[in-house]
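For this chain, numbers begin at 1 and follow the sequence in order. Heavy-atom basis, side chains included; hydrogens, waters and symmetry copies ignored.
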Amino acid sequence: MPGFRIGPFSLQAPTRSELEDIEAASQRLEYNFPHVGSTALIESGAPAIPGYKSARHRVKMGQGRKVFNRGVKMLEAWDHFRLGWAFTNAPPPVVGGIVLVAARSLGLWSCNPLRISRASRSPRRLEFASTTLQGHQICGEEAFSVSWYPQTGGDVWFEIRSVSRPATPLAWLAQPVLRHYQAKFVRESLARMAQHGAETAAPG
């Protein structure tokens with residue numbers, strides 16, 4: 001990123017060209033998280049991994065196939081990350097894709113790499129998980145899903161599941177700030193997807 005920098009942070013958001021360069025370089029990186037696939041176990045109530053924080057958050061988007069189809073399109077486009085202070089390079093949700101999460105915290109931008117480690121699709125569910133790579137300030141995994149339950153009234157739910165801990169000395173020192181922005185992301189992402197669902201279900 002151009003301009004003033006402090007370690008991995010910059011005053012400017014990364015440009016498209018910079019994201020392309022970071023994505024290319026990230027293809028060679030290994031995971032920095034040894035428990036790849038662990039977000040799949042949260043739904044089944046598996047015990048937390050020692051030393052890591054596990055979380056599960058969900059919001060009802062509405063009811064019916066129309067809301068589900070809209071939710072799937074929004075998830076495929078990574079619309080839940082379009083928050084102004086955070087965005088991604090929005091790769092297709094297929095295993096192996098490189099995800100770059102750019103976010104601004106305390107006035108500074110950072111860009112952290114992940115790889116899509118799991119993806120599944122069915123007529124009633126889309127889910128994928130991305131796992132952190134070397135150089136990421138966090139060590140962990142995050143999964144997103146949109147699910148439709150026609151057998152129980154047709155409810156459509158958007159869900160976020162995560163397992164994480166700081167990965168660098170700086171992230172450990174700034175852990176309260178880190179957790180604040182993680183909570184902010186969850187809150188705003190859920191609200192955004194719920195809004196999409198409400199707009200889709202509205203008559204007219």
Is the shortest side-chain heavy-atom distance between [X] and [Y] below 4.5 Å?
| X | Y | result |
| --- | --- | --- |
| Arg70 | Met193 | no |
| Lys73 | Asp79 | no |
| Pro166 | Arg179 | yes |
| Arg65 | Trp148 | yes |
| Arg165 | Gln175 | no |
| Asn89 | Glu23 | yes |
| Pro93 | Phe144 | no |

Going by an N to O cut-off under 4.0 Å, is there a salt bridge joining Glu127 and Arg161?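 Counted as a salt bridge, because a side-chain N and a carboxylate O are separated by less than 4.0 Å.
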Salt-bridge test for Arg115 and Glu30: reply yes if a basic N is under 4.0 Å from a carboxylate O, no otherwise.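 Not counted as a salt bridge, because no side-chain N and carboxylate O are separated by less than 4.0 Å.
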Are [X] and [Y] joined in one hydrophobic group, where the rule is that I, L, V, M, F, W and Y side chains link up if heavy atoms are under 4.5 Å apart?
| X | Y | answer |
| --- | --- | --- |
| Val59 | Val72 | yes |
| Leu114 | Ile138 | no |
| Phe158 | Ile116 | yes |
| Ile22 | Phe87 | yes |
| Val186 | Met74 | yes |

Determine the interplanar angle of the His35 and Phe33 rings, folded into 0 to 90°, and report it as parallel if under 30°, tilted if 30 to 60°, perpendicular if over 60°.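 Correct class here is perpendicular.
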Spell out, as yes or no, whether a donor-acceptor pair under 3.5 Å connects the side chain of [X] to the backbone of [Y].
| X | Y | answer |
| --- | --- | --- |
| Gln63 | Gly154 | no |
| Glu141 | Gly37 | yes |
| Tyr181 | Ala103 | no |
| Trp78 | Pro91 | yes |

Could you tell me whether Arg118 sits above the aromatic face of Phe128, with NZ or CZ closer than 6.0 angstrom to the six-membered ring centre and within 45 degrees of the axis?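 Negative - Arg118 is either too far from the ring of Phe128 or too far off its axis.
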Distance check, rounded to the nearest 0.5 Å: [X] atom [atom1] versus [Y] atom [atom2]?
| X | Y | atom1 | atom2 | result |
| --- | --- | --- | --- | --- |
| Glu159 | Leu75 | CD | CG | 11.5 Å |
| Arg82 | Ser189 | CZ | OG | 12.0 Å |
| Leu100 | Thr88 | CG | OG1 | 8.0 Å |
| Met61 | Leu190 | CE | CG | 10.5 Å |
| Ile42 | Ile160 | CD1 | CD1 | 11.5 Å |
| Lys66 | Asn69 | NZ | CG | 10.5 Å |

List the steps and the verdict of ring-ring contact (aromatic ring centres under 6.0 Å, His included) for Trp85 and Phe185. CA-CA 9 Å; Trp85 61 274; Phe185 165 73; 7.0 Å; no
Which residues pass the side-chain contact (heavy atoms from CB on, under 4.5 Å) test with Ser147, not counting sequence neighbours?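 If we apply the side-chain contact (heavy atoms from CB on, under 4.5 Å) test to Ser147, skipping adjacent residues, the hits are Arg125, Ser145, Tyr149.
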Tell me every residue that passes side chain to side chain donor-acceptor pair (under 3.5 Å) with Lys184, counting only those two or more places apart in sequence or in another chain.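 If we apply the side chain to side chain donor-acceptor pair (under 3.5 Å) test to Lys184, skipping adjacent residues, the hits are Glu188.
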Decide yes or no on side chain to side chain contact (heavy atoms under 4.5 Å, CB included) for Leu133 and His136, but give the supporting numbers first. CA-CA 6 Å; Leu133 299 176; His136 200 299; 5.6 Å; no
Does the side chain to side chain contact (heavy atoms under 4.5 Å, CB included) test come out yes or no for Ser54 and Ile49, once each step is laid out? CA-CA 8 Å; Ser54 297; Ile49 302 171; 5.6 Å; no
Would Phe68 and Trp157 count as a close aromatic pair, with their ring centres under 6.0 Å?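 When the ring centroids of Phe68 and Trp157 are compared, they turn out to be at least 6.0 Å apart.
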Using a distance-only test with no angle check, is there a side-chain donor-acceptor pair under 3.5 angstrom linking Glu142 and Ser130?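 The answer is no; no qualifying pair exists.
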Any donor-acceptor pair under 3.5 Å linking the side-chain atoms of His80 with those of Arg192?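 Arg192 vs His80: no donor-acceptor pair found between side chains.
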Please assess Tyr52 against Cys139 for the test side chain to side chain contact (heavy atoms under 4.5 Å, CB included), listing each intermediate value before the final yes or no. CA-CA 9 Å; Tyr52 290 83; Cys139 173; 3.5 Å; yes
For the pair Leu126 and Glu76, evaluate side chain to side chain contact (heavy atoms under 4.5 Å, CB included) and give the outcome as yes or no after the intermediate values. CA-CA 9 Å; Leu126 171 65; Glu76 289 176 326; 3.7 Å; yes
